[in-house]
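See below for the structure under consideration.
Each chain gets a letter, A, B and so on, in the order the sequences are listed, and its residues count up from 1.
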Amino acid sequence: MAHFTCEVVYRGIFQKNLAARICRGIVLSARKAGRWGIAFGRYGDSPQRNGIPAKDFAIVADTQEELEQNMARYEPKEVDVTICVDDTLSKGVESWAWYGLQPINRLTISGGTLLMTSLQSPAALLKDIHKKDAPYNLALIRAKASFSGLWVYKEDHTEARILGALAKIQPEFLSLDAVCQAIKEAEWGSDLKVSSARKAYERLESQPIKITEGNPETPYAFEMPKWWEMREGVSIPAIPIGKPMEGGKGYVPERNPYFKKFTTRTMRPVIDFDKCVKCTLCWIQCPDSCFDVTPDGLYDANMEACCGCGVCEAVCPAKDCVTMVREDAFEDNASQWEMWRKDKGTYKTWMTDKIHSKEHITRSHGFRFRGQYEQEIKQELETGGIEIIAGIPGENAEAKK
Amino acid sequence: MAVETKQPAGAVADHKEMLISGSEACAEALALADIDVVTAYPIRPYDTVMQAIAKKIANGHLEAEYIVAEGEHSQFEIVKHASTVGARVFCGSSGVGWMYAMECLTVTPPLRVPMICMVGNRALDDPGAFGVEHNDALVVRDLGWLLIWVDTAQEMLDTTLLAYRIAEDRRVFLPIAISADGAFLTHSQAICQVPSRGLVDRFLPRYDRGDLLLHPDNPITVAPQANEDWVIEIRRQNDEAMKRATGVIDEAYADFRKVMGRGPENPWFEEYMTDDAEIILVGMGTISLPMKVGIRNMRAKGKKVGLVRPRWFRPFPTDRIVKALSKASAIGVIDRDYSFGSPFNSGVVANEIRSAMYNSDKRPPLLSFICGLGGREVTLEDVAKAADMCYAAAKSGKSDPKTHWLGVRE
């Protein structure tokens, strides 16, 4: 008797189909050896919402009874492999269903694997990935956060590469041949994808992670109220008027204490306070009231509340005042304004580095210019990707030529 | 309308294997049943069925009128009318969407419209939540709807085929709502055996509305205004049709087993490890999964616990369920619904079983539990706790009049 459980942590809407394909692929591959399986999503998540961290699961087992044994939970309590297809999620997961912050490796079993797509080094990722009280392996596929499976974007074979990597990690459940066969037969499969799976199998990088390694921060949590503690009438108290800042000049709005949602962020605004014209537009337009008003009338995006939507950048009339920068460039949620106030020179250097670093301004979701995705896919070729621009057999190949 | 399909010789006995969700399994069955008219209005989790049907039509696997209504009320009205002119119809909804169609839901049974609906069970608002509760479908329990709860994608597929056979039987001609737990069933993909069109054609005859067909060749008026001189007789007709449904259901399942080579012996409820059970737990829908696993764990510790999972709730299999339950030393009913202010403040299923047991010579102590509301996980610990309390009741020989809420933050 043996079973294998896997989760895919992904970003809502952008990667919904990708995650579903991976989980389907796992069950279909395992079925080749006569195993039983089930693929399902964490229902409390809201995978239709942009960027919301969400989870899909796949469970396979030798017998139907053993499968039942392992799926009798709303979601698995532990998984053999955690798959994360967007490395900006390495800071953790706040589900739309309000569970607090879950470290990305929370469900990974001792000795299990966290399999990620990333162009970052393991050391850089471990600045974000929380420490775990058990050792595990960090396995990397060299790729950026994928849109594969979202119909308006080109295929980049991420699901096939993940499945190929799983054949390396769990060969006793998913043989490479079974994976390749399942990919070929899948509605989204092709010969080219089979070869991508084989390459991922060969090129997978993996290293053991000790209990001492990782982000030492304690993830925030909260106690859910008892039935008799909750207000009646399905009512919640209004968010109180915010607190004044430093002698009544500034203003910090109150925010929902149960839902910080900063892990929905794939980018964050970096603000050049010297360019701010104090027009108030970012403060007014921010859908999450994330801006604190500083005593000097500037607007400081509070990183515990910002979900990274980019509206502030879009509405700001001052040139280069607000710039959205990839979330993996940052290690904490510290106030930019405090840093600026403390030492303007240091802030300028820090800010310039973030804004001008090419890898940091490359967006993980959303594009700055037409053709950017094609460019990025081409860059991936240099790091082991395969040529797919020519078209995929069976997927409008004629039209793509 | 009916599409000619060519079956390769010798393919009749075939089943093909697919990895599909409960909602997709429903859509597979609808294509096999060759439905004519389907109406849609999105609400989670039912919307997954309408998406799957739309895909089937778009891919050329089903030829049917697909009408997107402007709300659930119209959605159910449209198929009601289509059914009276002889179309095989499908409809569905969830939670408050189902409630919005309420007027239509009340008029469908007296008009003897064999509409098949899928109710993706969802908590009623407020608060707006997606998770499963059975109160949505249960609201029509007194109106002449046949109600069934399924617990796997396979059972969803089979039951959809069975539902057309049963509802469209002239002895019945009543609507059927197939309930599927939101998330656990609607959204989980499992391995299913899908029968061939040839098999289904052998099992499921065409819908023939006969003398009730609205057609120029058969001039009739449906639903004229009536007063107290007429109403109680109409209700009595419905009562008789519902009673006849019992025999029709038995017949249909027997035939299903003959044609498909699978399917339950007992259509009415699943019995799991009840043969020697001291304690029998009762629960509808996918709650059966943690209950079965919990029971296996308890059996490993020597506790003889079994499960009765009712499928058909209307018609309620009174005699059979009483026979199955009266052999236990105590009964524990876990409701995934509520019935505020009802006898003992219990859930709906517990009170139905209490009522069914009233005339029985042997009435074991019965405990009532409410658990898993709004899609909350029913844990193995919850199941074990319910069984332990049943053991205590069996020892004392007394029913506990209190309804116990499990898994609520106290």
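- Of all heavy-atom pairs between S188(B) and I38(A), the closest is CB-CD1, 3.8 Å.
- The part of R31(A) that comes within reach of chain B is its side chain, from C-beta onward, which places non-hydrogen atoms under 4.5 angstrom from that chain.
- Residue Y100(B) places its OH atom among 12 or fewer non-hydrogen atoms of other residues, nucleotides or ligands, all under 6.0 Å distant.
- Few gaps surround NZ on K77(A); more than 12 heavy atoms of other groups in view lie less than 6.0 Å from it.
- Note that CH2 of W405(B) and CH2 of W227(A) are 9.5 Å apart. Values are rounded to the nearest 0.5 Å.
- Note that CG of L67(A) is 8.0 Å distant from CD1 of I191(B), once rounded to the nearest 0.5 Å.
- Under a 3.5 Å cut-off, the side chain of R24(A) and the backbone N or O of L19(B) do form a donor-acceptor pair.
- Among all heavy-atom pairs drawn from Q69(A) and V293(B), the shortest one is NE2-CG1, 3.4 Å.
- Taken from CZ in F130(B) to CG in D45(A), the straight-line distance is 10.0 Å, to the nearest 0.5 Å.
- Remark: K55(B) does not engage E187(A) in a salt bridge, criterion side-chain N to carboxylate O under 4.0 Å.
- Expressed to the nearest 0.5 Å, how far OG1 of T379(B) lies from OH of Y74(A) amounts to 14.5 Å.
- The backbone N or O of P225(A) lies less than 3.5 Å from a partner atom in the side chain of R409(B), making a donor-acceptor pair.
- For the set A58(A), A39(A), G44(A), the count of heavy-atom pairs under 4.5 angstrom toward chain B peaks at A39(A).
- Salt bridge status for E410(B) with K226(A): absent, with no side-chain N to carboxylate O gap under 4.0 Å.
- Summarising the local packing, NZ of K56(B) is surrounded by more than 12 heavy atoms from other residues, nucleotides or ligands at distances under 6.0 Å.
- In this structure, S46(A) and R44(B) have side chains that are in contact, with non-hydrogen atoms separated by less than 4.5 Å.
- For the pair E68(A) and L289(B), the minimum side-chain heavy-atom distance is below 4.5 Å.
- The number of heavy atoms from other shown groups lying within 6.0 Å of NZ (K32(A)) is above 12.
- Heavy atoms closer than 4.5 Å to chain B are found in both the backbone and the side chain of M71(A).
- Proximity to chain B (any heavy atom under 4.5 Å) is shown, for Q64(A), by neither the backbone nor the side chain.
- Between the CG atom of L185(B) and the CZ atom of F40(A) there is a distance of 13.0 Å, given to the nearest 0.5 Å.
- Among R376(B), R296(B), H187(B), E17(B), the residue with the largest count of heavy-atom pairs under 4.5 Å with chain A is R296(B).
- Taking both residues in full, the closest heavy atoms of V234(A) and P127(B) are given as CG1-CB, 3.7 Å, listed atom of the first, atom of the second, then distance.
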